[in-house]
Every structure is written in structure tokens, then in C-alpha cells.
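Below: one structure, written as C-alpha cells.
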Number of protein chains: 2
Amino acid sequence: MKISELSRHSGVSLPTVKYYLREGLLPAGRSTGRNQAEYDVTHLRRLRLIRALIDVGNLSVAGVRQVLLAVDDGELPGHHLLGTAHEAIAGVPRADRGGPAWQAAREEAARIVADRGWRVHEHAPALDQLADAIAALRELGQQDMLAMVDGYAEATERLAVQEVGLVLARGDRASMVEGLVTGTVLGEAVLTALRRLAQEHTSAGLTEPPG
Amino acid sequence: MKISELSRHSGVSLPTVKYYLREGLLPAGRSTGRNQAEYDVTHLRRLRLIRALIDVGNLSVAGVRQVLLAVDDGELPGHHLLGTAHEAIAGVPRADRGGPAWQAAREEAARIVADRGWRVHEHAPALDQLADAIAALRELGQQDMLAMVDGYAEATERLAVQEVGLVLARGDRASMVEGLVTGTVLGEAVLTALRRLAQEHTSAGLTEPPG
DNA sequence: GGATAGCGGATAGTGATACTATCCAGTTAT
DNA sequence: ATAACTGGATAGTATCACTATCCGCTATCC
């Protein structure tokens, strides 16, 4: 497959394919001459993964690169890959962490996971993100919303067991790795879309019952 | 309160406060002279809301403007506000919707909500986002992940009942409106952070049990 | 075998976004 | 009086994710 065919088959414009090549998201094709190279289905597959992570998962190009580096690292154990995916999703950390209010929120976040018995890495970016959200809710005087946290935690714990089980059931490492990444990123997209739909249904149902 | 005090109290730089004023995110202060104006706690509160939506909720400035316009519209019924918040979160829609694969995914999305008996607006952006994610999972050969959809739907439905109940319990409209917005946007941040933590815990637990 | 379409690689340009800086004439505080 | 600050306007900057163009070379079709 030539680069133009790769572009056509994937629906990604040729300059953009070249850009991903330059950025190291897409491995170079097998060179068959000074200015000719051959691409195959693995490139096509990779390109589709890149687009899905960017478009659906809202990852940045830098985030995609991070994730793919981890995916391609055959040594990396599974849960490290998951951590990498989480870091890539997290993007650039907020600037104004560190005030006393944030510190308190951060401790609350740590307490929440500790109370559940969750064993997570002390510096997991999600812990900081949770603290960000808790601090924001408190600062805005919406702390009654924190009553939801238990429900969220229980639901996500139950779901995680299913998700991880689904991925582990696959057997071979390569497809587990891809499943982990897509499950994390695209699964999040599915979950948030469903949450919005559920909210819409529920709020319409409670404010104006069917008639 | 003068603009510089507003800046200091909120931790938002003065040029940025001016920028939000220009962009219409922050209402103008009460003018007390040709070049002097007075700001109060409502401005401070609004400024904090803006920062939370941008930093924690990952909304764009344009998205924040949309949400705030809806918040300030005293006429708008509650579930319309929710729809507006969802649209603002959704951001710019993807370009490549419309292919047969996407259409099929979109129908599947519609079927999922119909099977649950959810009554949602036919053109809800979340329906398109769900279709995006489903189409991407299929395209990447990860359709076994779609087995999670039921679990997600059930969990989000249960959570939505709690969330909406919490907001409705407040009584006065103004605080319900703010609760709706912050609950939607910041609640999403809390939920996704907890999901990542739950995943990390579960995947570590299943691959290397405590010892 | 000669035109021409396409190639890989390099470099530069574009448009959107979210600020950030500077300037100004006018006002307030010391 | 003078220094600091004000609201308002305009212009500049950094980053991101592409997009366009140019080059000398090659593959392919007639």
C-alpha cells in the first residue's frame, strides 16, 4: 500500500498522514527505494486507532504518542500501561494546586479511595483530578453534591471489575493491550454519553411526567 | 470591590478578568464614574464558576458563555438548561459522521436508549457522541467492549436519579440551576476520576494479588 | 522513452484558542 | 502634585493541529 492509498483507505488527508509520520505516531513504511515506501494493514489499523483516540477520546497528539509508546513497549506490565493511558488522558495538570483548600481536597480524595480499600499509586493523576473537582465543588458552595461520591465510587468499582475481566479474557497480550487502551479511552466516552442521556431522561421524567 | 481586588481575591490575573469581561462571561461592574466600576461578591462567585468550568470541566470559553447565558435566562425550564450544558460540553461535533458505519452506530445508540425506555431528545448531542464511540469500537475490532454498555447504562441511570433528586431537593430555582450545571460538569470530572482509580485498583488486584 | 503523476522529506504557513501586554486619557489616593 | 490605578481599546503571543508548498527523484502509462 502506498501512502496515498493509506490516506484514502483511512479517510485521513495525506498531509495529515505525513504529519503523524513526522510526529512518530505512525511508524515509517518499509522503504522500497529512495523515495518510495510500502505500508500495510498494521499502519491502517494504527491510523484508525490514532483518529479514535484524538476524535472520540479527546487526546492530544502528544497524549496519543505517549499511549502508543506504551502500547509498543512489549516489556511494560499491564497496569503500567493503564497508568500511562491515564496520564495521557489527564493532559497538562492544573496550575493552581497547592493552596490549603486544594490540599484538604487532595487529602479527602486520598481518604475516599483508602476507605474503599482501593490500592492505587500514590501519585496517580486521577487522584489530583478528583481533588480538583472536590475543591471546585467546595469553593462554589456545592458541597452537597459530594454526597454523590459514594454512589460514583461503588458504580465505578463494579464496572471496573467487568471491564478488566473483559480485557483479561482475551488471552493474548497484544489484544489485551489494545483493549486496555480503547476500553479506557473509548469506554469513558461511552460512559459519559450514557450519563448525559440518563440525566436528560431522569430530569425530564421528574419535572414533567409522561402524559 | 475594584477590578484589581476582584483579580486578587479570585486568583485570576487582571488581564484575564478583563478578557472575560470583553467576552461577556463576566457581567460588567456597576459604573461609578467615567473609568471606575464597582464589583461585588456575585462577580467573584461568577468568576470562580468560570474557572471551575474551564479548568475542571474542560469547557472552552465559548462553551462557558453558552452555559452562562442559559444560567442567566430566568425563563428557561430546567431540562432545557441541562441540554444547553450538554451542548456546551460536547463542543464542536466530529466531521466524519454520516458514513454507513456511523449511521448504523447511531441507530444502535438510539436502540440502546429506546430499550431502556429513556425519553431523550432525538437530536441530543450525547446520542451522536455515543454513536461516535460505538463506531470507533467497531472499526477498531473492539466490539466485545460493547458488552459493557448495559452495565454503563444501568449504573448511569441509577446515578442520574440520585443526582437529579439532589438538585431538586434544593428548592429555589437559582441554586437548582447552578447545581444542575456544576453537577453535570464537575460531577463528570468526579465520576471519570473515580473510574480511573477503580480501574487501577482492579487491574492491579487481578494481575498481582496483595501479598 | 518521454511525459506526468506521485513519492518522501523538509520547511513554512494557517486558523483557532486563550490568554497577555501595552497604550491611553481620566480618576483616586497620598 | 504626583504616583498608582482605572476602564476600554488594540495588538501581540504561545500553543496546537494541521495544511501547503517546494524539492529532486521514481514509477508508470502510452
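As a basis for the values below, the full set of heavy atoms in this structure was taken, side chains included, without hydrogen atoms, waters or symmetry mates.
Rounded to an integer number of Å, the gap from CD of A:Glu38 to C1' of C:dG8 is 14 Å. The separation between B:Leu6 atom CG and D:dC5 atom P is 16 Å, rounded to whole Å. Following rounding to the nearest Å, A:Leu14 (CG) and C:dA5 (P) show an atom-to-atom distance of 16 Å. Atom CG of B:Asn58 and atom P of C:dA18 are 11 Å apart (whole Å). Distance, B:Leu21 CG to D:dA9 C1': 13 Å, rounded to whole Å. For the pair B:Leu26 CG and D:dG8 P, the computed distance is 12 Å after rounding to whole Å. Atom CD in A:Glu5 sits roughly 13 Å away from atom C1' in D:dT28 (whole-Å rounding).
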**Complete:** For nucleotides 13-23 of chain D, 5' to 3', base contacts (B), sugar-phosphate-only contacts (S) and non-contacts (-) with protein non-hydrogen atoms under 4.0 Å give ----BBB----

**Request:** Heavy atoms under 4.0 Å is the rule here; annotate nucleotides 24-30 of chain C 5' to 3' with B where the base is hit, S where only the sugar-phosphate is, and - elsewhere.
**Result:** -BBSS--

For residues 17-29 of chain A, which side-chain N or O atoms pair as donor and acceptor with protein atoms under 3.5 Å away, sequence neighbours left out?
from	atom 1	to	atom 2	distance (Å)
A:Tyr20	OH	A:Arg51	NH1	2.5
A:Glu23	OE1	A:Arg65	NH1	3.1

Which pairs of donor and acceptor atoms, one on a side chain in residues 175-191 of chain A, lie under 3.5 Å apart (sequence neighbours left out)?
from	atom 1	to	atom 2	distance (Å)
A:Ser175	OG	A:Asp172	OD1	3.1
A:Glu178	OE1	A:Arg45	NH2	3.2
A:Glu178	OE2	A:Arg45	NE	3.4
A:Thr182	OG1	A:Glu178	O	2.8
A:Thr182	OG1	A:Gly179	O	3.4
A:Thr182	OG1	B:Gln142	NE2	2.9
A:Thr184	OG1	A:Leu180	O	2.6
A:Glu188	OE1	B:Arg196	NE	3.2
A:Glu188	OE1	B:Arg196	NH2	3.1
A:Glu188	OE2	B:Arg196	NH2	2.7

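Looking at residues two or more places apart in sequence or on another chain, you find a ring pair (Phe, Tyr, Trp, His ring centres under 6.0 Å) between B:His121 and B:His123. For B:Ser13, the side-chain hydrogen bond (donor to acceptor under 3.5 Å, both in side chains) test picks out B:Thr16, with sequence neighbours left out. Residues meeting the side chain to side chain contact (heavy atoms under 4.5 Å, CB included) test with B:Glu139, sequence neighbours left out: A:Arg48. For the side-chain hydrogen bond (donor to acceptor under 3.5 Å, both in side chains) test, no residue two or more places apart in sequence or in another chain qualifies with B:Arg30. With sequence neighbours excluded, the residues that form a side-chain hydrogen bond (donor to acceptor under 3.5 Å, both in side chains) with B:Arg170 are A:Asp144.
Not one side-chain nitrogen or oxygen of B:Ser31 sits closer than 4.0 Å to the OP1 or OP2 atom of D:dG7.
Using a 4.0 Å heavy-atom cutoff across all strands shown, B:Ile3 reaches sugar-phosphate atoms only and no base atom.
Atom OH in A:Tyr39 sits 14.0 Å away from atom CZ in A:Arg46 (nearest 0.5 Å).
The one candidate from B:Ile112, B:Asp132, B:Val113 that meets the side chain to side chain contact (heavy atoms under 4.5 Å, CB included) condition with B:Leu127 is B:Val113.
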